[in-house]
Student: 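Sharing a structure with you now.
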Amino acid sequence: CSYMKYCIECGTKLIKKECINFGLSEGLIPYCPKCCDFRFPRFNTAVSAVIFNRDYNKILLIQQYNRPKNILVAGYVNKGENLSHALIREIKEEVNLDVLDFIFNESEYYEKSDTLICNFIVRAANEDFKLSEEVDAACWYGIEEAKEVIYKGGLAEEFLEAAVSKTACLVLNSAQV
């Protein structure tokens with residue numbers, strides 16, 4: 001089980017206690033009987049990016065760790081770093097692209113790594129990526145092709161589908177202006 005077992009303040013063994021706020025239960029939460037305080041679970045936070053070219057008609061997918069799976073650029077948020085900085089840093093570190101602009105897309109908790117993944121729709125300033133040692137391959141795909149070649153059944157596919165739906169509205173709205 002991934003919840004804390006001991007209090008981070010005093011070291012006392014935690015118990016599970018129901019936490020109720022405004023009559024609504026948050027469920028059984030680790031509680032320190034010595035400090036008389038709830039110790040809410042901690043988890044990792046990561047960012048991932050559906051990277052579009054400037055015209056929103058191509059998506060960059062990468063492959064990592066010697067696996068032939070097309071996925072999204074992603075990485076952990078460092079202590080003291082906000083989501084925006086982590087997003088821009090990860091894109092620069094992995095594919096050396098500058099970010100033109102970005103908007104929040106979706107978030108999802110990934111239990112295998114105890115991580116909240118915050119996904120963004122990103123528009124790259126150009127299409128001239130360079131691979132870091134962390135990335136085995138990368139390729140720009142047309143929208144429909146990206147939907148076909150993205151690794152199936154994972155969060156990357158879910159995030160990509162949501163981003164494509166949202167950017168279709170962005171492109172239509174900007175064309176009407």
Student: Got Tyr56 and Arg123 here, is their nearest side-chain heavy-atom distance under 4.5 Å?
Tutor: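 Answer yes - side chains close enough.
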Student: Run Val50 and Val122 through side-chain contact (heavy atoms from CB on, under 4.5 Å) and show every step you take.
Tutor: CA-CA 6 Å; Val50 180; Val122 174; over 6 Å; no
Student: In the single-linkage hydrophobic clustering (I, L, V, M, F, W, Y; side-chain heavy atoms under 4.5 Å), do Phe104 and Leu160 co-cluster?
Tutor: no
Student: Same cluster for Leu155 and Val47 if Ile/Leu/Val/Met/Phe/Trp/Tyr side chains link at under 4.5 Å?
Tutor: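 No, Leu155 does not connect to Val47 through the hydrophobic network.
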Student: Does a salt bridge link Lys166 with Glu106, judged by any charged N lying under 4.0 Å from a carboxylate O?
Tutor: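 A salt bridge is present here (some side-chain N lies under 4.0 Å from a carboxylate O).
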Student: Less than 4.5 Å apart, any side-chain heavy atom of Cys32 and any of Tyr6?
Tutor: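 With C-beta onward as the side chain, the pair stays apart.
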Student: Look up atom CD1 in Ile20 and atom CD1 in Ile29, then write down how far apart they are to the nearest 0.5 Å.
Tutor: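 Here the interatomic distance stands at 11.0 Å.
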Student: Kindly compute the distance separating CD (Gln64) from CG (Leu72), expressed to the nearest 0.5 Å.
Tutor: 10.5 Å
Student: In terms of the angle between their ring planes, are Phe129 and Trp140 parallel, tilted or perpendicular, with boundaries placed at 30° and 60°?
Tutor: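 The rings of Phe129 and Trp140 sit tilted, inter-plane angle from 30° to 60°.
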Student: Return the OH to CD1 distance between Tyr65 and Ile71, rounded to the nearest 0.5 Å.
Tutor: 7.0 Å
Student: Is Lys130 salt-bridged to Asp128, going by a charged N under 4.0 Å from an acidic O?
Tutor: no
Student: If we count only N and O atoms by modelled type, under 3.5 Å, do the side chains of Tyr110 and Asn44 hold a donor and an acceptor together?
Tutor: no
Student: Please report the interatomic distance CG(Leu97) to CD1(Ile88), rounded to the nearest 0.5 Å.
Tutor: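 With rounding to 0.5 Å, CG (Leu97) is 12.5 Å from CD1 (Ile88).
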Student: Flag yes if more than 12 heavy atoms outside Glu111 fall under 6.0 Å of its CD atom; otherwise flag no.
Tutor: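 Counting other residues, nucleotides and ligands, CD of Glu111 stays at 12 neighbours or fewer.
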Student: Is there a side-chain contact between Val95 and Ile62 in this structure, where contact means two heavy atoms from C-beta onward sitting under 4.5 Å apart?
Tutor: yes
Student: Could you verify whether a donor N or O on one side chain and an acceptor N or O on the other, from Glu127 and Asn53, lie under 3.5 Å apart?
Tutor: yes
Student: Is there a continuous path of hydrophobic side-chain contacts, each under 4.5 Å between heavy atoms, that joins Phe43 to Val77?
Tutor: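 Shared cluster, no.
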Student: If you count heavy atoms of other groups shown closer than 6.0 angstrom to OH of Tyr31, is the number above 12?
Tutor: yes
Student: Hey, does the side chain of Asp98 reach the backbone of Ala125 with a donor-acceptor pair shorter than 3.5 angstrom?
Tutor: no
Student: Using atom types as modelled and distance alone, determine if a side-chain donor or acceptor of Asp55 lies under 3.5 Å from a backbone N or O of Asn57.
Tutor: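 No: the side chain of Asp55 does not pair with the backbone of Asn57.
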Student: Is there a donor in the side chain of Asn119 and an acceptor in the side chain of Asn105, or the other way round, less than 3.5 Å apart?
Tutor: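 Their side chains do contain a donor-acceptor pair, which is all the 3.5 Å distance test asks for.
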Student: With a 4.5 Å limit on heavy-atom distance, are the side chains of Phe52 and Leu60 in contact?
Tutor: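 No; the side chains remain at least 4.5 Å from each other.
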Student: Keeping the roles fixed (side chain from Thr115, backbone from Ser113), state whether a donor-acceptor pair exists under 3.5 Å.
Tutor: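 Side chain of Thr115 to backbone of Ser113: a pair is present.
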Student: Measuring from Glu9:CD to Lys34:NZ, what's the distance to the nearest 0.5 Å?
Tutor: 11.5 Å
Student: Using modelled atom types only, decide if a donor and an acceptor are shared between the side chain of Glu93 and the backbone of Glu90 within a distance under 3.5 Å.
Tutor: no
Student: Go through Ile59 and Val164 one step at a time and tell me if the side-chain contact (heavy atoms from CB on, under 4.5 Å) criterion holds.
Tutor: CA-CA 9 Å; Ile59 295 174; Val164 167; 3.9 Å; yes
Student: Just wondering, do Phe159 and Glu108 contact through their side chains at under 4.5 Å, heavy atoms?
Tutor: yes
Student: Does the side chain of Glu94 pick up a donor-acceptor pair with the side chain of Ser132 at under 3.5 Å?
Tutor: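 No.
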Student: For residues Ile51 and Tyr141: do they belong to one hydrophobic cluster (side chain heavy atoms under 4.5 Å, members Ile, Leu, Val, Met, Phe, Trp, Tyr)?
Tutor: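 Unlinked, Ile51 and Tyr141 end up in two clusters.
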Student: Are the side chains of Asn70 and Gln63 in touch, meaning some heavy atoms are under 4.5 Å apart?
Tutor: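 The answer is yes, as the side chains (C-beta and beyond) meet within the 4.5 Å cut-off.
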Student: Considering only heavy atoms from C-beta outward, does the side chain of Phe120 approach that of Ser48 to under 4.5 Å?
Tutor: no
Student: So that I can tick it off, tell me whether Glu157 and Lys147 are bridged by a salt bridge, with the cut-off set at under 4.0 angstrom between side-chain N and carboxylate O.
Tutor: no
Student: Given the rule in the side-chain contact (heavy atoms from CB on, under 4.5 Å) test, do Lys5 and Leu14 qualify, once you have shown the distances and angles that lead to the verdict?
Tutor: CA-CA 6 Å; Lys5 294 184 181 3; Leu14 298 173; over 6 Å; no
Student: Is Leu28 reachable from Phe38 through a run of hydrophobic residues whose side-chain heavy atoms are each under 4.5 Å from the next?
Tutor: no
Student: Decide side-chain contact (heavy atoms from CB on, under 4.5 Å) for Cys35 and Thr12; before the verdict, give the C-alpha distance in whole Å, the side-chain angles of both, and the deciding distance to 0.1 Å.
Tutor: CA-CA 9 Å; Cys35 296; Thr12 299; over 6 Å; no
Student: In Å, rounded to the nearest 0.5 Å, how long is the span from OH of Tyr109 to CG of Leu116?
Tutor: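 Answer rounded to 0.5 Å: 9.0 Å.
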Student: Determine whether Thr45 and Tyr76 make a side-chain contact, defined as any pair of heavy atoms from C-beta on separated by less than 4.5 Å.
Tutor: no
